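Some notes on the structure that comes next.
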Amino acid sequence: MRKGNNEQGLLHSLIVLSVPTIIEQLLSTLLQYVDTAMVGRLGEQATASVSITTTITWLVNSIPSAIGVAVLALVARYLGSRDKAAIKEISKQSLILVVISGILLGGISVLLSPFIPRWMGAEKAIQEQAAIYFAIISIPMVFRSASTVFGAAIRATKDTKTPMIISVLANVINIVCNALFIYGLHWGVTGAAIGSALSYIFSGIAMYSACRKKNVLYFRLKELSVNSRQLFECARVGVPILGTNLASCLGYVIFASLVSDMGTTTFAAHSIAVTAETLFYIPGYGLRTATSTLIGHALGERDRKKFESTAYFSVIVTMGIMVLNGIFLFFAARPLMNLLTSSEAVAALGAKMLRLVAFSEPFFGLMIIMEGIFYGLGRTQYTFLVETFSMWAVRILFTVFCVKFWHLPLLAVWVCMIADNICKAVLLTIPILSKRFRKKLFVADN
């Protein structure tokens, strides 16, 4: 009976922690669509000015994201072991890392902003606007870093509601500011950039304030000091995550460029289908955050049974949801494409791709949740190796053959993409299936 109660408690915790994160990401995605549409009304040049530097923005954001994963893993682990002193030290180092990374990334981004659009192949007509946009959204980089890192620290304390509320409010502020600056004051792309910058500032301040209100994370600012041991721990967990993000981001750039060579209709169908599929990933990523938090707590408690139960329930729940998502995606493929494009040819081709990828949704869910398990354990080196190998040796390599040598249609390219996701899921799952490996996860150096 007690075992049943423990399992019910874990399942309840998993759901309670993941639902706010899922809602946060869902609403944020929907609001981003609205944001994109508002800029899109200004014309193709405005849209291109905003989107041409998106990939670079992802690269810049990958550094605070890596710090955030490390902070979440370490805070969750120390909470599990009830090491309050270590938690406060991690809080101090988080603030130091936010300030340093924010200043460096923001400064470099602003300095390089006049050149980045040209490096990304932007037409001369939009280079100046694109540079101004990128510079403005880079100025509040400290606040962007704060939002990511302190949000992760808050989630590690099993509070996912507060980051959800802050994130949704920040997105609403962005929409309101866009309406005011773009349409009211007619500032165009510059107005869109200012709206985004203000939303970043609000989010960063709000996340920092919420973090300071958590007793377990609170420390006196006069006690702020560098702790080389804790910084090393953050680097041990975070650097492989950064490598993973960079490998993925660069891989996506190459992948997209290969598809773009297949023609306008094909690339449009591919891009819109990828956008449509994004909504179906959100539950998996919400569950990944919850899983990382619970796994970190179990590791801190040195409770291997709790770890195994958490991993088991996380996999079952995530794959169950992704199976349902896959079924819905299969039948909703054409209506979704019709909603996102008026082109019959693009809609038909995109719907075909969505029906194909619908069958792989459970594998994608498995991949995501396995990443969450390894992140929670702080074992990020293995995820980096898997991501890099699979992205470049499976997706990119075979896509090159399909496009450049075999001249196969878009269907073959999506098969390569699906094969990449399945490969990652299998490689991340195999070690967890080994009882001997699971025991090694609880050695003293972790």
Side-chain angles (χ1 to χ4, degrees), residues 13-14 16-18 20-21 24 63-101 145-164 166-167 204 206-221 223-242 286 288-303 306-307 310 371-380 441-442 445-446:
S13 296
L14 185 67
V16 168
L17 286 174
S18 63
T21 306
E24 173 189 348
I63 294 177
S65 177
I67 297 171
V69 172
V71 168
L72 186 147
L74 294 173
V75 171
R77 184 199 308 174
Y78 292 138
L79 275 170
S81 61
R82 299 183 180 181
D83 191 342
K84 294 182 179 180
I87 296 171
K88 290 188 184 300
E89 284 302 316
I90 288 294
S91 295
K92 295 176 187 177
Q93 307 318 303
S94 298
L95 180 56
I96 292 171
L97 289 170
V98 161
V99 173
I100 293 175
S101 65
S145 297
S147 178
T148 301
V149 175
F150 295 137
I154 294 168
R155 292 184 183 96
T157 66
K158 295 186 177 182
D159 176 9
T160 52
K161 292 181 182 178
T162 300
M164 176 193 72
I166 293 171
S167 179
M207 287 292 189
Y208 174 72
S209 300
C211 206
R212 298 289 292 170
K213 290 178 181 178
K214 294 280 183 185
N215 289 332
V216 71
L217 298 172
Y218 178 80
F219 64 90
R220 294 179 181 178
L221 290 176
E223 298 173 350
L224 190 65
S225 60
V226 174
N227 186 314
S228 57
R229 180 178 175 277
Q230 294 295 0
L231 284 177
F232 175 79
E233 280 295 293
C234 286
R236 185 180 65 83
V237 178
V239 169
I241 295 293
L242 176 59
R288 185 179 76 174
T289 300
T291 298
S292 294
T293 300
L294 293 174
I295 291 292
H297 281 269
L299 182 63
E301 295 168 5
R302 295 287 185 238
D303 189 337
K306 185 176 179 180
F307 154 64
T310 301
E371 284 180 344
I373 291 170
F374 279 98
Y375 289 174
L377 292 167
R379 300 285 185 169
T380 53
L441 295 174
F442 285 81
D445 66 348
N446 210 3

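Just so you know, these numbers come straight off a predicted model, no measurement behind them.
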Practice item. For the pair Thr21 and Met164, evaluate side chain to side chain contact (heavy atoms under 4.5 Å, CB included) and give the outcome as yes or no after the intermediate values. Key: CA-CA 6 Å; Thr21 306; Met164 176 193 72; over 6 Å; no
Exercise for review: Please test Tyr218 against Ser91 for side chain to side chain contact (heavy atoms under 4.5 Å, CB included), starting from the C-alpha separation and ending with a verdict.
Suggested key: CA-CA 7 Å; Tyr218 178 80; Ser91 295; over 6 Å; no
Check your understanding: Are Leu294 and Ser13 close enough, and set up right, to give a side chain to side chain contact (heavy atoms under 4.5 Å, CB included), and what steps lead you there?
Key -> CA-CA 8 Å; Leu294 293 174; Ser13 296; 4.1 Å; yes
**Study point:** Worked check of side chain to side chain contact (heavy atoms under 4.5 Å, CB included) between Leu221 and Arg212
**Key:** CA-CA 10 Å; Leu221 290 176; Arg212 298 289 292 170; 3.7 Å; yes
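Here the side chain of His297 pairs a donor or acceptor atom with the backbone of Ala156 at under 3.5 angstrom. Ser94 contributes a side-chain N or O that, together with a main-chain N or O of Ile90, makes up a donor-acceptor pair within less than 3.5 Å. Between the side chain of Thr160 and the backbone N or O of Leu17 there is at least one donor-acceptor pair closer than 3.5 Å.
Side chains of Leu97 and Leu231 form a contact here, defined as non-hydrogen atoms less than 4.5 Å apart. Counting heavy atoms from C-beta on, the side chains of Glu301 and Ser81 never come closer than 4.5 Å. Counting only heavy atoms from C-beta outward, the side chains of Ser292 and Leu72 approach each other to under 4.5 Å. Under the 4.5 Å side-chain criterion, counting only non-hydrogen atoms from C-beta, Arg229 is not in contact with Glu89. Here the side chains of Leu95 and Tyr208 are in contact, with some heavy-atom distance below 4.5 Å. Side chains of Val226 and Ile96 form a contact here, defined as non-hydrogen atoms less than 4.5 Å apart. Taking 4.5 Å as the limit, some side-chain heavy atom of Ile67 sits within range of a side-chain heavy atom of Ser101.
A distance of 14.0 Å separates CZ in Arg379 from CD1 in Ile373, rounded to the nearest 0.5 Å. Atom OG1 of Thr380 sits about 10.5 Å away from atom CZ of Phe374, to the nearest 0.5 Å.
No more than 12 heavy-atom neighbours from other residues, nucleotides or ligands sit within 6.0 angstrom of NZ on Lys161.
Residues Val75 and Ala153 share a closest heavy-atom pair of CG1-O, 4.3 Å. The shortest heavy-atom contact between Ala290 and Leu14 is CB-O, 3.8 Å. Here the closest non-hydrogen pair linking Gln93 and Ser225 is NE2-O, 3.0 Å. Nearest heavy-atom pair across Ile154 and Ala210 is CD1-CB, 3.7 Å. Here the closest heavy-atom approach between residue Val98 and residue Val149 is recorded as CG2-CB, 3.6 Å. Minimum heavy-atom separation, Leu377 to Leu299: O-CD2, 3.7 Å.
Checked for salt-bridge contact, Asp83 and Arg77 miss the test: no charged N lies under 4.0 Å from a carboxylate O.
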